[in-house]
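So the structure is just underneath, and the comments pick up after that.
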There are 4 protein chains.
Amino acid sequence: MNREEKKIATRKKILDSALELFAEHGYETTTVHMITERAGVAKGTFFNYFDCKEDVFCDLQTFRATLEFEKLKDIRGPILPHVREFLMEFVRFGPNSRQLVRAVLLSDLSNEKSLSNQRKMLEELKEMLIPLIVEAQNRGEFTSAIPADMIADQAIQTYMGVSFTWGMGMGDDKLITQMVASFELFFRGLQP
Amino acid sequence: MNREEKKIATRKKILDSALELFAEHGYETTTVHMITERAGVAKGTFFNYFDCKEDVFCDLQTFRATLEFEKLKDIRGPILPHVREFLMEFVRFGPNSRQLVRAVLLSDLSNEKSLSNQRKMLEELKEMLIPLIVEAQNRGEFTSAIPADMIADQAIQTYMGVSFTWGMGMGDDKLITQMVASFELFFRGLQP
Amino acid sequence: MNREEKKIATRKKILDSALELFAEHGYETTTVHMITERAGVAKGTFFNYFDCKEDVFCDLQTFRATLEFEKLKDIRGPILPHVREFLMEFVRFGPNSRQLVRAVLLSDLSNEKSLSNQRKMLEELKEMLIPLIVEAQNRGEFTSAIPADMIADQAIQTYMGVSFTWGMGMGDDKLITQMVASFELFFRGLQP
Amino acid sequence: MNREEKKIATRKKILDSALELFAEHGYETTTVHMITERAGVAKGTFFNYFDCKEDVFCDLQTFRATLEFEKLKDIRGPILPHVREFLMEFVRFGPNSRQLVRAVLLSDLSNEKSLSNQRKMLEELKEMLIPLIVEAQNRGEFTSAIPADMIADQAIQTYMGVSFTWGMGMGDDKLITQMVASFELFFRGLQP
DNA sequence: AATGAATGAGGCTTCATTCAT
DNA sequence: TATGAATGAAGCCTCATTCAT
């Protein structure tokens, strides 16, 4: 492992430790000392990689960036199967321990900056979902009795709700199981 | 206003200030000084009413106590209207600004103690919901294709999801509107 | 000693300790811990009185304020005796240990802000001296072969020079002795 | 430029950068990182040339070494012209920006070690001046009414005073001008 | 010889909590 | 009961120094 690779590895160690600890104790309660101790580096090393404690969040990419959403854009034909698949991908690559899920939620709420980031991302997701839902309504896959934007809202709420309660320790052992079950019910409610 | 009333008023002032500030800045970031300053009392006064900062939460009763749940126990006849009504009551008396909702969510996640409190409360709620759901299934109000405990999980997730996303600034101006809309969809999904 | 008096006493203790320590070790080298330890208070107490370490300088009033200079304005008759007297007063009420003198000099050089403060004060002093010197020249007390503003510069330099070298440990045990001797020579040089 | 020359050049770059930065920000406030950045070398390089940060001062030779003083030893005939000349040489090769002068003064006051160094050097200078002054007194160039060691003290104070006030931004643009003017007045005061 | 990542002691500052008034 | 000065543990961050490359 050369010098550059080592740097990347160290950065990753710190990030992972931070994420874990935020998950366990929350942002404010987690100290830089705790992070570096878990990462197995000296305290000073943390500040070689991040200007301040808060900056760690810039790398957390909370609910994975807009890039991921692009996959939803070019769907042709029946919507439902694609959305199901997208959902599973999305969850599979997301944080996969209750701890981590809570960490990410916490970080979203922790400061005004990441709150608005997160809100913006959810708004984007919503805007991306609406045409999909409209299309599904036109195809007769979803009921048209409920406005598309309201359905989008509720899809997001379902996602957040599962994340939140699962993060708190409720539901099935696997997040994906819980998520799929909830969305099955959600889709049932959309039947025409 | 006699002595006893004054005490109660002071306690309330402190509590309200604390709740507002937790809403604005989160638990850890809010200082006792900020609380007492907003409440218009001296710092020492805070500790005349609470043993420590954390104890404020004992009075917050976040997602309102089990007591409230009792109302659900003695329902007779059709379930759905009662649940609808309960939900509206529950939301009406809960925190009604996005700030406060976020404060309560944050406080739940802030420390292990309130996290487990909250989890316990949700478990209780779930246990209380299950017989209701079973009853509704027997009555043919809800589908029996989905196990009652899973439905209970999803009801809670819907509730948390709406709270969370609404707290973050999304959805209808009024939480109750958003909540009702989401549960309408939820109930649709439960149709036999 | 009542509460208010205690506060003043505590503030003074901190200030005195700070000044002493700046004298012994310089500004940057002196830690807040050292200051509070010598003052006999807790570290936190320091920050009850000063927002930050730097703020101590606001109270140091280095080479005593312009107010003192006012005395020079209304001199009538022969100048020299008054100036001698002023000088002795000025030195008598100034910092009177080598340590303190060094502390004040150090604080003047420590940051751009106090540097410009000090410079401004010296400029004011100069402006106040010039008419006095002109008057003395007219009276035949001082030579007119040297421009008044240059004489003023050199008076200041003499003052600073004595302060500096005495502060460093050189010269007579008493600053006033050294200062008077230097100014006698200075005045000799001004004879017509 | 061969290897040996490169080494010298690098050392000089570091020294110059250090001096400049000490001038701008003082000793403690200047970091090794700042020095190496300005010098255009890596941080580690600094420690290849100096054992520690403080050691830079060993090369600063603040008020130029005793060696310089040797010139004063073998004066024959009238003293004054030689002293004038020595003074101009001394100033000419000294630090010639207000910044640098302040840097040197600051460094002298910054730590006990350089303070005593500087004091020692001034004492030496004084010891070297005294026989010169006695000689000048014997020749009738200087007054004998003032003890030689006191005159020596005051010469040094004049030198320091000019340096100090000029460093702070006062007086003529050129240090040498200011210095010469001050010493002319000083010498006037020494007339028999 | 040059580099810069890693180290950790130590500084400044905050803040929950205590306690004398 | 109300006050706010005093406390000191603990946090964040800096930076001189070391060392492997």
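What you are looking at is a predicted structure, and each value in this text was computed from that prediction instead of being measured. Residue numbers begin at 1 in each chain, while the letters A, B, ... track the order of the sequences.
Remark: P of F:dC12 and OH of A:Tyr27 are 8 Å apart, rounded to the nearest angstrom. Straight-line distance from the NZ atom of A:Lys43 to the C1' atom of F:dG11: 8 Å, rounded to whole Å. Rounded to an integer number of Å, the gap from D:Leu21 CG to F:dA16 P is 12 Å. Spacing between atom CG of A:Asp51 and atom P of F:dC13 amounts to 9 Å, rounded to whole angstrom units. Rounded to an integer number of Å, the gap from CZ of C:Phe47 to P of F:dG11 is 17 Å. Atom-to-atom, CG of B:Asn48 to C1' of F:dG4 comes out at 12 Å; the value is rounded to the nearest Å. To the nearest angstrom, P of F:dT14 lies 15 Å from NZ of C:Lys53. Atom pair D:His33:NE2 and F:dA16:C1' shows a separation of 13 Å (rounding to whole Å applied).
Rounding to the nearest 0.5 Å places CZ of B:Arg11 at 13.0 Å from OG1 of B:Thr45. Between the NZ atom of A:Lys7 and the CZ atom of A:Arg3 there is a distance of 9.0 Å, given to the nearest 0.5 Å. Separating the CD atom in C:Glu20 from the CE atom in C:Met34 is a distance of 11.5 Å, to the nearest 0.5 Å. Atom OG1 in C:Thr30 sits 9.5 Å away from atom CD in C:Glu28 (nearest 0.5 Å). To the nearest 0.5 Å, the span separating CZ on D:Phe50 from CD1 on D:Ile14 amounts to 6.0 Å. With rounding to the nearest 0.5 Å, the separation of CG in A:Leu15 from OG1 in A:Thr10 is 11.5 Å.
Cation-pi geometry between D:Lys53 and D:Tyr27 is met: the NZ or CZ atom falls under 6.0 Å from the ring centre, inside 45° of the normal.
Positionally, the nearest nucleotide of DNA chain F for B:Ala42 lies more toward the 5' end than for the other of C:Ala42 and B:Ala42. Comparing A:Glu4 and C:Lys6 by the nucleotide of DNA chain E that holds the closest heavy atom to each, the one mapping nearer the 5' end is A:Glu4. Residues C:Phe46 and D:Thr10 each lie close to DNA chain E; by heavy-atom proximity, the contact nearer the 5' end of the strand is made by D:Thr10. Position along DNA chain F of the nearest nucleotide to C:Lys7 versus A:Val32 favours C:Lys7 as the more 5'-ward residue.
A 4.0 Å heavy-atom criterion places the boundary nucleotides of DNA chain E facing chain A at E:dT3 to E:dG10, written 5' to 3'.
Contact annotation: C:Thr45 side-chain N/O to F:dT7 OP1/OP2 distance is under 4.0 Å. One finds no side-chain N or O of B:Tyr49 lying less than 4.0 angstrom from the OP1 or OP2 phosphate oxygen of F:dT1.
Look at E:dT21: its Watson-Crick or wobble partner, with both distances under 3.5 angstrom, is F:dA2. Base pairing analysis places F:dC12 opposite E:dG11; the two distances defining the Watson-Crick or G-U wobble pair are each below 3.5 Å.
Using a 4.0 Å heavy-atom distance criterion, D:Thr30 is classed as a sugar-phosphate-only contact.
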